[in-house]
Amino acid sequence: MRGGLPLYGDTAVMAGFNGMTCEDLDVCGRAKTACVSGDTGGVTYAQMKAAIETTYPLFFCGTPDDEPTCVPSRPGEYDGLAVADDLDGDAIADADDNCPNVFNPPLLIEPGVQPNADGDAAGDACDPCPLDNTDTCTFIDADDMDDDGVPNGADNCIRVANGDQADGDDDGKGDECDTCPTANPGYSPCPITIEAIRDPNHPQHPQDGAVVKIVDAYVTGIRPLTGTSRGFHIETGTQMPYTGIFVFTGNTSPAVKVGDKVDVTGTYEQYFGLDEISYPQVSIVETGNVLPFDPLPVEPADIATGGAEAVTLQSMLVSVDMLTITVLNPDAPMDFDEFAVTGNLRIDDQLSDAVKDMQLNNACPVGTQFESIAGVLGYSFNNSKLQPRVKSDIVLGPNNMCNPWP
């Protein structure tokens, strides 16, 4: 039956079903009925039988013609049939056979030689220890693969013997097989430093696309909660080179605040020059805190595009002093609310609004002076850019009447 409809059976039984196109046939003396055409797009049993009969019959009532045998044989050498002095039928007399009760003929590559790796009295096919001629090898218990007395289902190191089951970081992986010094339960990756992720010369630098985990990092800047390029910057707080990175959350608003300490697990990628962690899982370790460090003072030219620290300080919170607007719109004739200051450093609104002419803009004239500008150092469209986060990140110079963040 298929789908509740009978397709084949005894004729007497099938006669009780109506409304189907069926054909009667004789199967080895038994009256059968097959309803074929409705299941084959109109091809009848008779048509099918006629089409294949010359190649191979649809069925046999006895042993099928030319049916392959299950008895091993090698023409001219052995037929696999047991005889009085060759019980396993491998053409080696029992008196000379190193496995008289187990079929093990000589290999074609070594005529007349039965496989016997350890050279003892028993051939490989019947040797309990085929690689140990003393037959003292240890048998592997499938339920205790490392033979430490702890069943696989309860063993925290299935392939490494550790009867004491010691697990110092309590992550479910025994110390004997756990290469991670801190807890990484299940398939969670071993925590890695931001420095190792960002510094291409670091010995632990991961490949692009690797899953990484960062712990106890501080949120320093958050992109506006609109659009499809949301996310936030984090850093370790040591303010050493390569200790900041961007966490990309796509069109999802990250539930973090500046000052939060977070753990982040995600995929390391370099997106057009910006190192980032995408597809993140974020856990807030501490919240409601003020950042325990101030912006790192730097020279504007050093973090500008191509500057000596533009790469090493990427995604870190920095500040520059004694600045003057030198270029009102470096992207002219297009306008993205960016302006350039002393040292050819671009100032961008990506962490303030990312909407033209709102909050941070480039409406102030060339020559406008600032005592300082703080923000996170970003990278986009082939340029390093300092990104103020809030209005207080910009301190105007004395007697300055124009504020780019009105």
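Source: prediction; values computed, not measured.
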If you define the side chain from C-beta out and look only at heavy atoms, does anything of [X] sit under 4.5 Å from [Y]?
X: Leu58; Y: Tyr45; answer: yes
X: Leu317; Y: Arg389; answer: yes
X: Ile394; Y: Leu360; answer: yes
X: Asp86; Y: Tyr78; answer: no
X: Leu386; Y: Pro300; answer: no
X: Asn184; Y: Lys173; answer: yes
X: Asp118; Y: Thr134; answer: no
X: Phe370; Y: Pro404; answer: yes

Verify whether one side chain among [X] and [Y] offers a donor that lies under 3.5 Å from an acceptor in the other.
X: Gln165; Y: Asp155; value: yes
X: Ser37; Y: Thr44; value: no
X: Ser253; Y: Arg230; value: yes
X: Thr182; Y: Asp169; value: no
X: Asp124; Y: Asn104; value: no
X: Asn362; Y: Asp335; value: yes
X: Thr220; Y: His233; value: no
X: Ser278; Y: Glu269; value: yes
X: Asp260; Y: Thr287; value: yes
X: Gln114; Y: Asp97; value: yes

Would you say [X] has more than 12 foreign heavy atoms packed within less than 6.0 Å of its [atom1]?
X: Phe272; atom1: CZ; answer: no
X: Glu299; atom1: CD; answer: no
X: Met48; atom1: CE; answer: yes

Would you confirm whether [X], through its side chain, and [Y], through its main-chain N or O, come within 3.5 Å as a donor-acceptor pair?
X: Asn116; Y: Ala121; value: no
X: Asp337; Y: Asp357; value: yes
X: Asp348; Y: Gln387; value: no
X: Thr305; Y: Ser384; value: yes
X: Asn152; Y: Met145; value: yes
X: Glu195; Y: His202; value: no
X: Glu286; Y: Asp216; value: no
X: Tyr56; Y: Asp65; value: yes
X: Asn133; Y: Asp120; value: no
X: Asp132; Y: Thr136; value: yes

**Request:** Please name the residue in the list Asp275, Thr193, Thr243 that meets the side chain to side chain donor-acceptor pair (under 3.5 Å) test with Arg198.
**Result:** Asp275

If you measure from [atom1] on [X] to [atom2] on [Y], what distance do you get to the nearest 0.5 Å?
X: Lys356; Y: Phe336; atom1: NZ; atom2: CZ; result: 10.0 Å
X: Arg159; Y: Asp148; atom1: CZ; atom2: CG; result: 13.0 Å
X: Arg2; Y: Cys35; atom1: CZ; atom2: SG; result: 12.5 Å
X: Ile347; Y: Glu338; atom1: CD1; atom2: CD; result: 9.5 Å
X: Met316; Y: Tyr242; atom1: CE; atom2: OH; result: 11.5 Å

**Request:** Could you check Gln350 against Val376 for side-chain contact (heavy atoms from CB on, under 4.5 Å), going step by step and ending with a plain yes or no?
**Result:** CA-CA 10 Å; Gln350 194 168 44; Val376 176; over 6 Å; no

**Request:** List the steps and the verdict of side chain to side chain donor-acceptor pair (under 3.5 Å) for Asp175 and Asn162.
**Result:** CA-CA 9 Å; Asp175 294 343; Asn162 64 329; over 6 Å; no

**Request:** Would you check if the distance from the ring center of Tyr218 to the ring center of Phe293 is below 6.0 Å?
**Result:** yes

**Message:** Which residues pass the side chain to side chain donor-acceptor pair (under 3.5 Å) test with Glu53, not counting sequence neighbours?
**Reply:** Lys49

**Request:** Begin with the C-alpha distance, continue with both residues' side-chain angles, and end with the deciding distance and a verdict on side-chain contact (heavy atoms from CB on, under 4.5 Å) for Val282 and Thr249.
**Result:** CA-CA 10 Å; Val282 181; Thr249 61; 5.6 Å; no

**Request:** Apply ring-ring contact (aromatic ring centres under 6.0 Å, His included) to the pair Tyr271 and Phe246, showing each step before the final yes or no.
**Result:** CA-CA 10 Å; Tyr271 184 76; Phe246 178 66; 9.4 Å; no

**Request:** Hey, could you give me each pair passing ring-ring contact (aromatic ring centres under 6.0 Å, His included) that has a residue in residues 112-132? Not counting sequence neighbours.
**Result:**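 Checked against ring-ring contact (aromatic ring centres under 6.0 Å, His included) - neighbours excluded - no pair reaches residues 112-132.
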
Looking at [X] and [Y], what are the two nearest heavy atoms and their distance?
X: Glu77; Y: Leu108; value: OE2-CD2, 4.3 Å
X: Gln204; Y: Ala196; value: CB-CB, 4.0 Å
X: Phe232; Y: Val262; value: CE1-CG2, 4.5 Å

**Request:** Applying side-chain contact (heavy atoms from CB on, under 4.5 Å), run through Leu291 and Val258 and close with a yes or a no.
**Result:** CA-CA 7 Å; Leu291 283 172; Val258 171; 3.9 Å; yes

**Asked** Is any NZ, NE, NH1 or NH2 atom of the basic residue among Asp10 and Lys32 found under 4.0 Å from an Asp or Glu carboxylate oxygen of the other?
**Response** yes

**Request:** Applying side-chain contact (heavy atoms from CB on, under 4.5 Å), run through Val298 and Val320 and close with a yes or a no.
**Result:** CA-CA 6 Å; Val298 294; Val320 287; 3.7 Å; yes

